[in-house]
Amino acid sequence: MVIRALLIVCAAAVAAVWYAALPPRAAVASPADEAATVRGAIHVHTTRSDGTGSVDEVAAAAARAGLDFVVLTDHGDGTREPLRPQYRSGVLCIDAVEISTHGGHIVAIGLPKTQYLLGGEARDVLEDIARLGGMAIAAHPGSVKPGLQWVDWDVPVDGIEWLNADSEWRDESPWTLVRALLTYPVRPTESVAGLLDRPAGVLQRWDEALRTRNVVAVAAADAHARLGFRSLGEPYDNGASLHLPAYERVFRAFSNVLPEVVLSGDAAEDAALVIGAIRAGHLYSRIDAIGPAGTLDFRAVSGDVTASTGDLLSDHGRGAIAVELASAPQARIVLLKDGQEIASSGEPRLEYATETSAGVYRVEVSVPGGPGRPPVPWIVSNPIYVGRDVQPRTPPLPRPVSASESQYSNGDADRWTIETSPGSRAAIDVGKTTDGTNLALRYALGGSTSESAYAGFVMSSGPTLSRFDRVTLTANADRPMRLSVQLRVPEGQQGERWQRSVYLDDVPREITVYFDDTRAVGPTRTERPPLDAVDSILFVVDTLNTPLGGSGRIWIDDVKYAR
Ligand SMILES: [Zn+2]
Ligand SMILES: [Zn+2]
């Protein structure tokens, strides 16, 4: 009898704690508000990679969550043909890809099927994405999981995930995670939102990048609907898993709002509009689960010119910034300039005179009772660039040449040798050109995946390399590809190597590799190559960018050292 009473008391106590742990119920958007704004999820995995839902299931979940579009980003190397834009369950499905690089994962939007594998150093993958007309977004930059963190902050990404739902759960205490799992069955969306914080470090990195160039920020669902059992919740675990949190719950938790887009119903046309708006930064993110549905109107005006989120306002004399919120009681608007708070308002309207104050302005809006420490903002806008020219993505200027020394222009390939993995083949032929000869390098990558297939064309570097700072050559190939130019120091079994990957296609081009612009391949004792110890220059085709079974030809000529 006593035991039964005790059990009842215990059960009641547990229930009370559980009830107290429930996150507050999310406000429900009015249909009128929802109809007026185009919203969507960016960064979603399906069964084509490590997600648990098919494209149709993801689209249906997005439809239930009231979204208009989803950007699918299954892991890949760019060589999968993207799905045509399509409306499924009334939701515009835009296919994109998440590419792994040495610097972290990149979400590439608007990229066509590529002719070789994208991968390797982040700077090379970004160069490829830009050449192919895509947009590159640094994925989960703030992840506490080392393999997922973005580490290459020097490369000019077009965008950044200021929020990533997969990063957000990783920094929570076990208690918070257990609480989220226990409250999920009753308040699933709120439980997902309850794991969000304001990612101060990522926002600071974004503000720093904005000082020199335009960078778009998006909120990334990174939805897999998978929690691995073996790996304590890893979505990347391909063993048994819980299909949590459901896609719909992540889609209801937050979204990206495109205030200027009006959809026509034509999938191809609408996809172009949505991608164009994302690229231009004509978007803000909203944590739908924590605030009442409301819209942000953020603009800067100078004379008769008006700029809105993502835009440039080049003339800032006598300018003013206006921020207006529709249907958002109790919200606090904070206006930031170059990362610093410069004005705030508890009213649904804020005005600020920019006068002669050039800078990058952006808005964060918070609502009371938001989850997280520090609390996640309800709205994060993209910036308005006041009084600053758009910084085009330009390659670094070529350095002047004061001296050069030819290493190959005509004649035999007697300084050249070949190195390949066991199952691969390579050959060097001397070919005739109008003014002499060039070298034709043939390769065929074969063998098993474990062999890390490669074909290397090796030029002994000669005694003078250390007097120069670069190697130049003219090169083309029978197809678009990447070639790794490497400096090798004979050390140990494999040698120590530093490389710079270059792009080749059928147009002969002069290529310059600066020795101080090479990066170590694997562990090396020095960060930069010790030039007086280098004994060979390698031109390597390998499975980083060329598929196993791939074969082709490269022509090179006029190899020179210069300084
Ligand atoms: Zn990723
Ligand atoms: Zn992902």
Side-chain angles (χ1 to χ4, degrees), residues 71 73-82 85 94-139 150 152-160 209 212-216 271-272 275-276 278-281 390-398 470 472-485 499-514 517-519 539-547 550 552-556:
V71 177
T73 57
D74 282 298
H75 299 282
D77 52 29
T79 57
R80 175 173 57 76
E81 180 80 46
I94 297 172
D95 204 7
V97 58
E98 182 173 14
I99 302 168
S100 300
T101 79
H102 297 344
H105 293 181
I106 293 176
V107 164
I109 301 180
L111 189 72
K113 172 178 160 53
T114 61
Q115 288 171 285
Y116 56 94
L117 317 175
L118 302 196
E121 293 178 20
R123 57 181 176 174
D124 302 327
V125 176
L126 285 187
E127 182 194 282
D128 290 335
I129 293 170
R131 185 186 327 100
L132 295 161
M135 175 193 192
I137 300 175
W150 183 255
D152 215 339
W153 289 98
D154 295 334
V155 298
V157 287
D158 305 306
I160 185 174
T212 56
R213 56 181 209 275
N214 298 9
V215 183
V216 174
I275 292 172
I278 296 171
R279 295 182 81 121
V390 177
Q391 310 267 320
R393 196 158 51 172
T394 50
L397 290 174
R470 74 199 79 168
T472 67
L473 61 146
T474 307
N476 59 302
D478 61 350
R479 73 202 60 209
M481 66 172 304
R482 292 199 81 92
L483 177 71
S484 170
V485 181
Q499 73 113 30
R500 182 73 173 103
S501 167
V502 298
Y503 168 75
L504 302 182
D505 59 22
D506 57 0
V507 181
R509 261 187 293 264
E510 188 178 91
I511 286 163
T512 301
V513 172
Y514 295 102
D517 191 34
T518 57
R519 289 194 189 165
F539 300 85
V540 179
V541 182
D542 62 23
T543 48
L544 189 62
N545 299 113
T546 302
R553 249 172 225 259
I554 300 162
W555 291 270
I556 70 173

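- Under the 30°/60° scheme for interplanar angles, the aromatic rings of Tyr116 and Tyr503 are found to be tilted.
- When all heavy atoms are compared, the tightest approach of Gln499 to Arg123 is O-NH2, 4.0 Å.
- We find that Asp478 and Arg553 are not joined by a salt bridge, their nearest charged nitrogen and carboxylate oxygen being 4.0 Å or further apart.
- Asp506 places no side-chain N or O within 3.5 Å of a backbone atom of Ala477 that could act as its donor or acceptor partner.
- When every heavy atom of Pro82 is checked against every heavy atom of Lys113, the shortest pair comes out as CD-N, 3.8 Å.
- Interatomic distance, CH2 of Trp555 versus CG of Leu473, reported as 14.5 Å (0.5 Å rounding).
- Rounded to the nearest 0.5 angstrom, Ile94 CD1 and Thr73 OG1 are separated by 12.0 Å.
- Rounded to the nearest 0.5 angstrom, Ile511 CD1 and Thr472 OG1 are separated by 10.0 Å.
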- Task: Begin from the C-alpha positions of Arg519 and Glu121 and carry the test side chain to side chain contact (heavy atoms under 4.5 Å, CB included) through to its verdict.
- Result: CA-CA 9 Å; Arg519 289 194 189 165; Glu121 293 178 20; 3.6 Å; yes
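- Considering Thr114, Val125, Leu126 in turn, Val125 is the only one that fulfils the side-chain contact (heavy atoms from CB on, under 4.5 Å) rule with Ile99.
- Counting heavy atoms from C-beta on, the side chains of Val502 and Glu127 never come closer than 4.5 Å.
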- Could you walk me through whether Val216 and Ile137 pass the side chain to side chain contact (heavy atoms under 4.5 Å, CB included) check? CA-CA 8 Å; Val216 174; Ile137 300 175; over 6 Å; no
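- For the pair Leu118/Leu111, a side-chain contact is recorded, criterion being any heavy-atom separation below 4.5 Å from C-beta on.
- Using a 4.5 Å cut-off on side-chain heavy atoms (C-beta onward), Ile554 and Leu483 make contact.
- Proximity of a side-chain donor or acceptor of Asp158 to a complementary backbone N or O of Ala136 within less than 3.5 Å is detected.
- Rounding to the nearest 0.5 angstrom, the gap separating the CG atom in Asp77 from the OG1 atom in Thr101 is 13.0 Å.
- Inspection of the Ser501 and Arg482 side chains reveals an N or O donor paired with an N or O acceptor under 3.5 Å.
- The minimum heavy-atom distance between Ala96 and Arg80, with the atom names listed, is O-NH2, 3.5 Å.
- Minimum heavy-atom separation, Met481 to Val541: CE-CG2, 3.8 Å.
- The shortest heavy-atom contact between Leu544 and Gly120 is CD2-CA, 3.6 Å.
- One finds no salt bridge joining Asp505 and Arg131 here, because no Lys/Arg side-chain nitrogen approaches an Asp/Glu carboxylate oxygen to under 4.0 Å.
- Counting only heavy atoms from C-beta outward, the side chains of Trp150 and Ile106 approach each other to under 4.5 Å.
- Heavy-atom minimum distance, Leu504 versus Ala475: CD2-CB, 3.7 Å.
- How far OG1 of Thr512 is from CZ of Arg470: 7.0 Å, rounded to the nearest 0.5 Å.
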